[in-house]
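Here is how names work: the chains are called A, B, and so on, in the same order as the sequence lines, proteins then strands, and each is numbered from 1. The basis for the numbers below is simple: all heavy atoms, side chains too, and nothing from hydrogens, waters or symmetry mates.
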Number of protein chains: 2
Amino acid sequence: MNVLIVEDEKGLALEIDEFLSHEGFTIEHAHTKNVASEKIFVNNYDFILLDLTLPDGDGFDLLQMLKGLKDRDDAIIILTARGAVDDKVHGLEQGADDYLAKPFSLNELLARMHAITRRKHKLESNDITVKEFRINIQNRTVHYNLERINLTKKEFEIFNYLVLNKNRVISRTNLTEHVWGDVLEINSDSNFVDVHVKNLRKKLSQFEPIEWFETVRSIGYRVNI
Amino acid sequence: MNVLIVEDEKGLALEIDEFLSHEGFTIEHAHTKNVASEKIFVNNYDFILLDLTLPDGDGFDLLQMLKGLKDRDDAIIILTARGAVDDKVHGLEQGADDYLAKPFSLNELLARMHAITRRKHKLESNDITVKEFRINIQNRTVHYNLERINLTKKEFEIFNYLVLNKNRVISRTNLTEHVWGDVLEINSDSNFVDVHVKNLRKKLSQFEPIEWFETVRSIGYRVNI
DNA sequence: GTTACAACTTAAATTAATCGTAAAATTGCC
DNA sequence: GGCAATTTTACGATTAATTTAAGTTGTAAC
């Protein structure tokens, strides 16, 4: 999953980056409101971590702008130094998904992010299952019944994203955006998505046939039920 | 559906091309105002993506020219550098259907295009239904009740176009233009439309008789209600 | 009924998209 | 720095979609 960190304090931004990268997220940064708004226009994000006090203006504007866009469902988590209850209420009213007051623990942030994922996809726990396969989004593990399947980072991200969006066709562009990050930087006449999908399928199909993991020719992939 | 990209920045034009092609659109390019106006005279488009600043003149002229033509309903989306509020107002006054400031998200563009399609055809959602058949223009899927029907790209485009223009006779030329693109490049004494229509009909009629999918002799096809 | 043309059908040929493999490049870790 | 694992590139093989081609059927005018 991809994350945009909108934060001008570079030390904090880097700290979050390091931590979340380690947890398997793809990170992008914006140190100002302007850079952030350009990035938001150009990409879709799974999460936007938004500091409210930015050098070139108030973060609330970004929030409002984002809420004005159609067909987006980036989750927004507000980060701010202000302990002000007003900001919190105001932020959540404007449509933010959660709120963290600085200083906060990185594990707390991660826990909130997982909670949002569960809410967004209407999951009851950290486990998602497809047939006998079980994905745990918190531990980033996949099991077949009791047996652990070792997936690489990219394989896990692809599987996770397709399963979270089950029964929908996910185009290669969409998959690329969420697993690899910034679409514009990517050489698209490459077949790296196909290769990872192939390797993933190989690992999964050791356990049982995976006819539910379809290719939708000329569009992308779809995981059914 | 076919799209004309009127944009002199070739990198951007190619990027849009690649993205929209993957989403099933047929793309043509015009890098100058002159080429664009020639193409517009010769073909009808579902969408024209119009950059206002072109090397050989102002895009507004094209907009006015197009609005002067009778019996056209190409949807026009203006693309221009951010902040030019005047351009936006002026453009929409002149009859553009929407406006996107650069840089914009390709997904945002796609969402706007779907919105315009819905508006143009007075649809309330992304679903269009004919009897028990349901087309979803966003996911590019067709269902019969709950069962999914697998159509190829061309089959889907034909069905979609005929259904969007239901109760009207659609000529082979018209269908060719919108599904395949540039009419002049196409060998017209071929029967490829017939072949695809036949295959499409075969797939649909597995579910129920499709007497509403008529052939209008020596003119074309029509889908009734 | 005959003729002329349009549409339909089928199968083969062509083209395009995806899959599979392996080697090259990169990354992460000790 | 060097080794192992992962990611990416490159390319031939495979499979599916599209187009061509040729024959057949249907329709309307004479």
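Under the ring-ring contact (aromatic ring centres under 6.0 Å, His included) criterion, A:His143 pairs with no residue at all, not counting sequence neighbours. Partners of B:Val195 by side-chain contact (heavy atoms from CB on, under 4.5 Å), not counting sequence neighbours, listed by chain and number: B:Asn191, B:Asn199. Every residue two or more places apart in sequence or in another chain that forms a side-chain contact (heavy atoms from CB on, under 4.5 Å) with B:Val163 is listed here: B:Ile128, B:Val130, B:Ile135, B:Phe159, B:Val223. With sequence neighbours left out, the side-chain contact (heavy atoms from CB on, under 4.5 Å) criterion links A:Arg222 to A:Val169, A:Glu214, A:Val216, A:Asn224, B:Thr141, B:Arg148, B:Asn150. For A:Asp8, there are no side chain to side chain donor-acceptor pair (under 3.5 Å) partners two or more places apart in sequence or in a different chain. Partners of B:Tyr144 by ring-ring contact (aromatic ring centres under 6.0 Å, His included), not counting sequence neighbours, listed by chain and number: B:Phe133, B:Phe207. For the side-chain contact (heavy atoms from CB on, under 4.5 Å) test, residues two or more places apart in sequence or in another chain that qualify with A:Ser105 are A:Asn107, A:Glu108.
Within residues 208-216 of chain B, the residues having any heavy atom closer than 4.0 Å to DNA chain C are, in order of number, B:Thr215, B:Val216.
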What protein N or O atoms touch nucleotides 12-16 of chain D N or O atoms at under 3.5 angstrom, if any, and at what distances?
unit_1 : atom_1 : unit_2   : atom_2 : d
D:dT15 : O2     : A:Arg217 : NH2    : 3.4
D:dA16 : O4'    : A:Arg217 : NH2    : 3.4

What does the list of N/O pairs under 3.5 Å between the protein and nucleotides 22-24 of chain D look like, with a distance for each?
unit_1 : atom_1 : unit_2   : atom_2 : d
D:dA22 : N6     : B:Asn191 : ND2    : 3.1

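Overall, the helix from C:dG1-D:dC30 to C:dC30-D:dG1 carries an axis bend of 30° between its ends, with five pairs at each end and the value rounded to 10°.
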When every nucleotide of nucleotides 22-30 of chain C is labelled 5' to 3' by its protein contacts under 4.0 Å (heavy atoms), B for base, S for sugar-phosphate only, - for none, what sequence of letters results? ---------

